[in-house]
There are 2 protein chains.
Amino acid sequence: MQRLITHISKFVELTEEDKEAILSIMQYQQVKKKEHLLRQDAVCNANYFILKGCFRRYYIDEKGNEQTIQFAIDNWWITDYDSLERRAPSEYFIQAVESSEIAVLDKRVQEDLFQRVPVMERYFRLVLQRAYAASVQRIRYIYDFSGEERYNHFSDLFPEFLQRIPQYMLASYLGFTPEFLSKIRAKKI
Amino acid sequence: MQRLITHISKFVELTEEDKEAILSIMQYQQVKKKEHLLRQDAVCNANYFILKGCFRRYYIDEKGNEQTIQFAIDNWWITDYDSLERRAPSEYFIQAVESSEIAVLDKRVQEDLFQRVPVMERYFRLVLQRAYAASVQRIRYIYDFSGEERYNHFSDLFPEFLQRIPQYMLASYLGFTPEFLSKIRAKKI
DNA sequence: TTCTTTTCTTGAACTTGATTAACTTTTTCC
DNA sequence: GGAAAAAGTTAATCAAGTTCAAGAAAAGAA
């Protein structure tokens, strides 16, 4: 859980009491590969901080294909903010891509946390600013670059990550079919 | 400026002193059509709330085309959070699509605002949650639907808005060429 | 109003990536 | 260790959308 405190401290200043409050309110949890934290049609009940491992958020499209809309690794938060905040059924699944360790901020104690450690409002504001900017940046990549260019860019940025995730997940994340990813890879060799 | 107070009050509770503090810190401004609030390579100095009117954020791609990445109308904020927060040169232009009225939150007084009205941290956290969710939703639209389907969806959702913006801006926002948009429209008639 | 600039349209040739289906390889599980 | 399931490959055909170029229409400015 120390990783969580370290991460928060990069954005805001925490007193010793703040740290204790955070640790007492958030829950440590181990998650096995392929286990789900959220399923479609369920209401999302928590925000999850990844201490170690990898998760993805995906949905099932009209044709029945799994579409990965987000990957999250160490030191990222993953949730469905829309479902979490509006208490509405989610359209997404959140699943462990590999066995992982997480810190859980349950919706029921979220307000307690903000009351006891008000600086956490600021922390989440800053985290969301980054997430929003990253999401807009991703739209830019989709518009500016071809599928092959996006794949090259991704594999340059996260070479080790390529080994960890199945290709069909990466293909849907990058916005094309697994068959097309196969073709791209065949060209390289 | 009352529109701003009304909007904030939808998310958090404001005292009379809070309202006065907000109104004293933020600046009312009129902006003429085509005027810029931010240009590429400049550092973004403010967050802008649109009281009335329409703005867009765009960039120039490698081929020299303007790519509109965001539209913002009444009651939306527009800025480049990445440039604003990191004090780095922006890659974006922010321009009035039509003559507009805005409330400006200058970076230099942003911290004063958060100190005098701490509940504004929470307000921006909630605004960013929505913006982030909307941005992810948009990636979904790009992946799930064809250009024609995205155009139909947009014109169903914002029929009056279609009249207000040039087609080439909408085409780049939806992720295709103006020529292709022409063809879609030709089919309808 | 008239001229100029900006925006929109049309069509032909071309490119990227999807689809389908059969097959191979790798992983998982008993 | 072997069977079954999951993941990845290959190739032919097809559709969505781009590019280029030339002209028409609309909007702005003088």
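Just so you know, these numbers use all the heavy atoms, side chains as well, and skip hydrogens, waters and symmetry mates. Within every chain, numbering begins at 1; the chains are lettered A, B, ... in the order of the sequence lines, protein sequences first and strands thereafter.
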Under a 4.5 Å side-chain heavy-atom rule over Ile, Leu, Val, Met, Phe, Trp and Tyr, are [X] and [Y] clustered together?
X: B:Leu14; Y: B:Val109; answer: yes
X: B:Ile142; Y: A:Tyr132; answer: yes
X: B:Ile139; Y: A:Phe71; answer: no

Nucleotides 23-30 of chain C: protein proximity per nucleotide (B base, S sugar-phosphate only, - neither; heavy atom, under 4.0 Å): -----S--

side-chain hydrogen bond (donor to acceptor under 3.5 Å, both in side chains) pairs, two or more places apart, involving residues 174-184 of chain B: none

side-chain hydrogen bond (donor to acceptor under 3.5 Å, both in side chains) pairs, two or more places apart, involving residues 154-168 of chain A: A:Glu98-A:Arg164

Helical bend (five base pairs per end, nearest 10°) for the helix from C:dT1-D:dA30 to C:dC30-D:dG1: 60°

Among residues at least two apart in sequence or on other chains, which ones pass ring pair (Phe, Tyr, Trp, His ring centres under 6.0 Å) with [X]?
X: A:Phe180; answer: A:Phe176
X: A:Phe158; answer: A:Phe154
X: A:Tyr141; answer: A:Phe145, A:His153

Salt bridge between [X] and [Y], side-chain N to carboxylate O under 4.0 Å?
X: A:Lys63; Y: A:Asp61; result: no
X: A:Glu85; Y: A:Lys107; result: yes
X: A:Glu35; Y: A:Lys32; result: no

For DNA chain D, the residues among residues 161-176 of chain A that have a non-hydrogen atom under 4.0 Å from it: A:Pro166, A:Gln167, A:Tyr168

For DNA chain D, the residues among residues 138-158 of chain B that have a non-hydrogen atom under 4.0 Å from it: B:Ser146, B:Gly147

Result block: side-chain N/O donor-acceptor pairs under 3.5 angstrom for residues 115-124 of chain A, not counting sequence neighbours:
from, atom 1, to, atom 2, distance (Å)
A:Glu121, OE1, B:Arg125, NE, 2.7
A:Glu121, OE1, B:Arg125, NH2, 3.2
A:Glu121, OE2, B:Arg122, NH1, 2.7
A:Arg122, NH1, B:Glu111, OE1, 3.3
A:Arg122, NH1, B:Glu121, OE2, 2.7
A:Arg122, NH2, B:Glu111, OE1, 3.1
A:Arg122, NH2, B:Glu111, OE2, 3.0
A:Tyr123, OH, A:His7, ND1, 2.7
A:Tyr123, OH, A:Trp77, NE1, 2.9

B:Tyr151 side chain near B:Arg185 side chain, heavy-atom distance below 4.5 Å: yes

Value in whole Å for how far the C1' atom of C:dT16 lies from CD1 of A:Ile184: 11 Å

Step-by-step side chain to side chain donor-acceptor pair (under 3.5 Å) determination, A:Glu101 to A:Tyr28: CA-CA 7 Å; A:Glu101 297 169 69; A:Tyr28 173 83; 2.5 Å; yes

Chain B contact limits on DNA chain D, taken 5' to 3' with a cut-off of 4.0 angstrom to heavy atoms: D:dG17 to D:dG28

Please tabulate the protein-to-nucleotide N/O contacts below 3.5 Å involving nucleotides 10-14 of chain C, giving atom names and distances.
from, atom 1, to, atom 2, distance (Å)
C:dA12, N6, B:Lys183, NZ, 3.3

Gap between atom CG of A:Asn65 and atom CG of B:Asp144 - 0.5 Å precision: 9.5 Å

A:Lys63 side chain near C:dT19 phosphate (N/O to OP1/OP2, under 4.0 Å): yes

